[in-house]
Amino acid sequence: PIFSRRLGSSLGVNILPTVGKLCNFDCIYCECGWNKDGKSDGKFPRLAEVEAALEEKMAKAAAEGTPVDSITFSGNGEPTMNPDFPQIVEATVRLRDQYFPDAKVSVLSNAVLVARKDIAEALKKVYNPILKIETSAKRAYIDNVRVWNPAATGITLPEQDAKPHIIYTISGQRVLGMPEAPGIYI
């Protein structure tokens with residue numbers, strides 16, 4: 001695990017192809033570079049492989065007394081693009097309960113695939129989904145927020161966006177019917 005200012009001792013999990021970058025966005029500030037430069041081989045680690053590797057790391061950390069505050073899905077692109085993402089989340093929660101029951105499961109995502117029922121259901125099982133929604137249109141942003149949180153009203157945003165990609169952030173919005181979670185950050 002590495003130390004993260006917001007997540008504590010974070011065990012990072014990359015469920016994307018190890019060669020290159022794979023993402024449905026091409027953000028200018030991305031630490032992984034441009035999609036075209038990444039030359040992803042498209043070979044996703046499958047559920048059994050991820051589960052075995054995660055269990056090995058968690059068992060070792062527990063045996064050595066290494067704390068794990070968060071099991072964090074990020075990696076070199078968008079983690080929800082892995083076809084086994086929902087099943088990987090389930091396996092992760094089970095392993096977390098076995099080895100580090102107080103650890104949070106976190107997912108760093110661009111929220112593009114949250115409209116898919118299987119992805120939304122998987123994110124409901126995650127304690128700390130950290131989502132960013134980018135848009136150049138106020139209306140699209142508001143509609144996306146309402147998909148996640150119909151109670152989100154009274155949001156004030158600039159009438160006109162000056163740049164093509166503006167990151168709007170609303171901290172602490174409880175969404176996906178998760179009253180026990182601190183909230184999804186978008």
Side-chain angles (χ1 to χ4, degrees), residues 1-25 27 29-33 38 40 44-114 116 118-134 148 167 169-176 178 180-186:
I2 63 162
F3 178 75
S4 164
R5 287 179 292 144
R6 71 177 155 177
L7 301 174
S9 178
S10 175
L11 178 61
V13 183
N14 181 14
I15 58 173
L16 296 166
T18 57
V19 176
K21 172 189 169 186
L22 186 63
C23 189
N24 37 24
F25 276 165
C27 302
Y29 54 80
C30 182
E31 65 201 40
C32 300
S40 171
F44 288 96
R46 302 311 302 223
L47 172 61
E49 181 184 353
V50 173
E51 188 172 13
L54 192 54
E55 182 158 25
E56 179 183 332
K57 291 287 186 187
M58 291 176 79
K60 182 179 180 192
E64 294 174 350
T66 303
V68 174
D69 300 317
S70 178
I71 302 154
T72 309
F73 290 92
S74 59
N76 52 331
E78 173 55 37
T80 62
M81 291 179 72
N82 184 304
D84 293 338
F85 178 76
Q87 297 82 10
I88 290 170
V89 167
E90 287 180 22
T92 302
V93 170
R94 182 181 50 75
L95 290 169
R96 183 272 320 265
D97 291 347
Q98 180 180 345
Y99 291 102
F100 295 97
D102 294 331
K104 312 294 187 248
V105 177
S106 302
V107 176
L108 303 176
S109 172
N110 62 26
V112 168
L113 298 178
V114 298
R116 280 186 30 195
D118 61 335
I119 300 299
E121 291 299 316
L123 289 172
K124 287 180 185 179
K125 298 171 185 171
V126 171
Y127 182 86
N128 193 23
I130 302 168
L131 310 176
K132 74 177 160 88
I133 296 175
E134 295 188 43
W148 280 88
I167 300 172
T169 303
I170 302 173
S171 295
Q173 293 292 321
R174 293 189 194 283
V175 295
L176 288 176
M178 298 187 310
E180 72 284 356
I184 291 182
Y185 301 95
I186 50 179

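Everything numeric in this text was worked out from a predicted model, so none of it was measured.
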Is Pro83 close to Arg46 at the side-chain level, that is, under 4.5 Å between some pair of heavy atoms? yes
Working to the nearest 0.5 Å, report the span between CG of Asp102 and OG of Ser70. 12.5 Å
Within-4.5 Å side-chain heavy-atom neighbours: Phe44 and Leu22: yes
Shortest non-hydrogen pair, Pro1 vs Pro67, comes out as CG-O, 4.0 Å
Among Leu16, Thr18, Val50, side chain to side chain contact (heavy atoms under 4.5 Å, CB included) partner for Pro45: Val50
Give a yes or no answer on whether the side chain of Glu78 reaches the backbone of Asn110 with a donor-acceptor pair at less than 3.5 Å. yes
Work out which heavy atom in Cys23 is nearest to a heavy atom in Gly77; give both atom names and the distance. CB-CA, 4.1 Å
Between Asn82 (side chain) and Ile15 (backbone), is there a donor-acceptor pair under 3.5 Å? yes
Spacing of CD belonging to Gln98 relative to CG belonging to Leu95, to within rounding of 0.5 Å: 6.0 Å
Counting heavy atoms not belonging to Lys104, are there more than 12 under 6.0 Å from its NZ? yes
Kindly indicate whether the side chain of Gln87, heavy atoms from C-beta on, has any atom under 4.5 Å from the side chain of Glu90. no
Heavy-atom check, side chain of Val68 versus side chain of Tyr99, under 4.5 Å: no
Looking only at non-hydrogen atoms, find the nearest pair between Thr72 and Ser10 and report the distance. OG1-OG, 2.7 Å
Answer yes or no: is there a side-chain heavy-atom contact under 4.5 Å between Asp69 and Leu7? no
Are Thr92 and Val13 side-chain neighbours, meaning at least one heavy-atom pair lies under 4.5 Å? no
Kindly indicate whether the side chain of Phe85, heavy atoms from C-beta on, has any atom under 4.5 Å from the side chain of Val107. yes
Give me the atom names and distance for the closest heavy-atom approach of Leu47 to Ala91. CD1-CB, 4.1 Å
Might you work through the side chain to side chain contact (heavy atoms under 4.5 Å, CB included) test for Val126 and Phe73, ending with a clear yes or no? CA-CA 10 Å; Val126 171; Phe73 290 92; over 6 Å; no
Interatomic spacing from CD in Glu49 to CG in Asp84 - rounded to 0.5 Å: 10.0 Å
Mind checking the OG-CG spacing from Ser74 to Asn14? Nearest 0.5 Å is all I need. 7.0 Å
Heavy-atom check, side chain of Arg116 versus side chain of Thr80, under 4.5 Å: no
Hey, could you give me the CG/OG distance between Leu123 and Ser109, rounded to the nearest 0.5 Å? 6.5 Å
To the nearest 0.5 Å, tell me how far Leu11 CG sits from Leu54 CG. 6.0 Å
